[in-house]
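Lettering follows sequence order; numbering is per chain, from 1.
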2 protein chains.
Amino acid sequence: MGRITLKDVSEHAGVSRSTASLVLNDDPSIPEVTKKRVRASMLELGYVYNRQAATLRSQKSMALGLVVTEIRNEYFAELAMSLEGAAYEAGYTLLLCYSRDDLRRQETQIERLFERGVDGLVLLPAAETEPAKMDLLLRGSQVPFVLLARHFGLEHDYVGADNIRAGELLGAHISSLGARSVSILGGPASTSAGLERIDGFTRSVSGAGIEVVPEQRITSHTNASDGARATARLLDGGTLPDVIVAYSDVIAVGVYAELHARGLRPGTDIAVAAFDDIPGSEHQVPPLTTVATFPSAIGLACGELLLRRIAEGVPESYSHTLIEPQLRIRASTVSWRPRHG
Amino acid sequence: MGRITLKDVSEHAGVSRSTASLVLNDDPSIPEVTKKRVRASMLELGYVYNRQAATLRSQKSMALGLVVTEIRNEYFAELAMSLEGAAYEAGYTLLLCYSRDDLRRQETQIERLFERGVDGLVLLPAAETEPAKMDLLLRGSQVPFVLLARHFGLEHDYVGADNIRAGELLGAHISSLGARSVSILGGPASTSAGLERIDGFTRSVSGAGIEVVPEQRITSHTNASDGARATARLLDGGTLPDVIVAYSDVIAVGVYAELHARGLRPGTDIAVAAFDDIPGSEHQVPPLTTVATFPSAIGLACGELLLRRIAEGVPESYSHTLIEPQLRIRASTVSWRPRHG
DNA sequence: CTGTTAGCGCCTTCAA
DNA sequence: TTGAAGGCGCTAACAG
């Protein structure tokens, strides 16, 4: 029961209603003594500010929507958390929805957020999102929005890792090892992040005479089991590449497991590398070479961009903020030696 | 701009305002033809339901608040996701806040959720939460709430793993191995979950003549690095127990790493076990013995309980729902053999 | 610094 | 089935 209203407070404190309202905003035109009295009344009466009413009136909800595919993956979890941090600092509350990579669900979630009058929206789009349709839905709403970690086309604000660069960094490192063949365990098909990583990597190794054997795709929910399965498929196909590059560190856990199951030592018999640098990766045995993609920096930048859009309105040109990745060279690649001289 | 209102829609469709309102609720008293016409008008005009207004009027926000410490830990992530799933199915939106185990922040977050008029609240309390104070804050609000995964005292609704049982299960297994000494890497002090696990475990092994060497506590943000550090402290102290029991699987990753760094093979030279059974644990090398605590079942049950409380009001007696854990026996314990005959 | 006023968009009741 | 009316609690604008 948000029973106690500002009216009750103002009567109890013996001030006008507008004064009470100004106290809420800590307006400097009100003397400290009055503020104190009003606040004491609020406390005494157990007053709770009714933001629904304020939103209705002022057309500002002080809420941000976040739609992500899922967050069991630590990388996404970190994104969500840092975004919430940015929102919290600015006084915003985060409305969180998981699309679970389901298009209908994603659409419903976004519509519900619009019903709630979010001041801005962050979308980590589901893998198969149809660009034109989504564009219509988002733009039609007039609500500022930013795409996170995955994009579709270029006509939107976007914040994510520089995945092409990440691929290149890893490609250059792999080339320097003297490897002859690489297999990529590719993560979800049809996400920009996945394609860019593979693009950058492939381009980067193509000059070095390295054979990139056909990729093993992984379904969109990427976890250790998927990595193990993809590795099994690869090896069952009769290929034993010099290097396995996994779409993400989480997948690499499964790669390690499957290699061990077949008597192959990762980092010795076969080099392994991945992307993201989640906290556990340096504690893998052997420590995993990976490309750090700094999800907390991405989430923060995303929050800041969105808040700027909310404050300043729709810009003429959209911003693509790419967070620079960093290669983390560890034993899973450097302790490996080429078999062929 | 939620500019288009129900009034606009009703005028466009040539029906009364109350009819348009009833169509929103899919009221059976309205003929299908009328519904169709009204819905067409909504679509054509780009009508967006204004839930702020509805909330103000009806005193139901159709929103649930969730305050968790953090979710980079996969266990918590799963909790949050399954809870969101339950909320989504019932038409509720989830407002998510991270306390980051910070008491001031936790309080602010809860107050903000009340301002937003959440119909119910789920709290995974920060480690040092003061029971009396929190009790006052929550009860004072009149908003139904459920504690998740950690509790304080008994006078609340609570859903979590049966942590005592989890400890007992693991203790019984460890006893059966013929181990003589165990060290517990204890996770956050002062959470009910941590204490219960240790309690159950200790009680269960106490009859078997197993020495429980002093625990190494881990700070509240538990990740692989913390596990490695705690292991280092333990071994630096000159103790080499037969078994290390970690507070959670995430910590065990660090335990493995530190053991390897010192030339000790987990599962062979020393047994290792933990709690939670996150997806990566069966893919560790060696696969990790652990007690599955089913976070998705917990999240779901929590959501259902809260929705029931919202529907039925405050009950006479509170419910403690404990999800039964299951022991997962894997190589990290069973491949170990006692040194002393 | 105060008081007054007029809504924000929806829900609900009541009478037609 | 419909139309009219009142109000949820707050904000914003303006005149005192």
Are the side chain of A/S192 and the backbone N or O of A/H151 linked by a donor-acceptor pair below 3.5 Å? yes

When the distance from CG of B/L22 to C1' of C/dC10 is rounded to whole Å, what number comes out? 13 Å

Atom CZ of B/R51 and atom C1' of C/dC11: how far apart are they, to the nearest Å? 13 Å

Closest nucleotide among C/dC10, C/dC1, D/dC8 to the B/A53 side chain: C/dC10

Taking for B/S58 and for B/R17 the nucleotide of DNA chain D with the nearest heavy atom, the one nearer the 5' end belongs to B/R17

If I take atom CG from residue B/L6 and atom OH from residue B/Y49, how far apart are they, to the nearest 0.5 angstrom? 9.0 Å

Are any of the side-chain heavy atoms of A/V68 and A/L79 separated by less than 4.5 Å? no

Is the phosphate of D/dG3 approached by B/S16 (side-chain N or O, under 4.0 Å from OP1 or OP2)? yes

d(NZ, A/K7; P, D/dC10) in whole Å: 11 Å

Checking D/dT2, C/dC8, C/dT12 against the side chain of B/S21 (C-beta onward), the nearest is C/dT12

Closest approach to the side chain of B/T5, judged atom by atom: which nucleotide of C/dC11, C/dG9, D/dG3 is it? C/dG9

Write down the distance between CD (B/Q52) and C1' (D/dG9), rounded to a whole number of angstrom. 13 Å

Any side-chain N or O of A/T19 below 4.0 angstrom from OP1/OP2 of C/dT2? yes

Please determine whether any donor N or O and acceptor N or O are separated by less than 3.5 Å between the side chain of B/R57 and the base of C/dC11. yes

C/dG9, D/dC10, D/dA12: which one has an atom nearest the side-chain heavy atoms of A/A54? D/dC10

Consider the side chain of A/L6, meaning its heavy atoms from C-beta on, and name the nucleotide among C/dC11, C/dG9, D/dT11 that approaches it most closely. D/dT11

Is it the case that the side chain of B/H320 and the backbone of B/H156 share a donor-acceptor pair, with hydrogens and angles ignored and the cut-off at 3.5 Å? yes

Measuring from atom CD of A/Q109 to atom CZ of A/R100, what distance do you get when rounded to the nearest 0.5 angstrom? 8.0 Å

Quick one: which of D/dG9, D/dT1, D/dG3 gets closest to the side chain of A/L56? D/dG9

Among the nucleotides D/dG9, C/dC11, D/dT1, whichever has the atom closest to the side chain of B/Y49 is C/dC11

Return the nearest nucleotide to the side chain of B/Y47; candidates are C/dC10, D/dC10, C/dT2. C/dC10

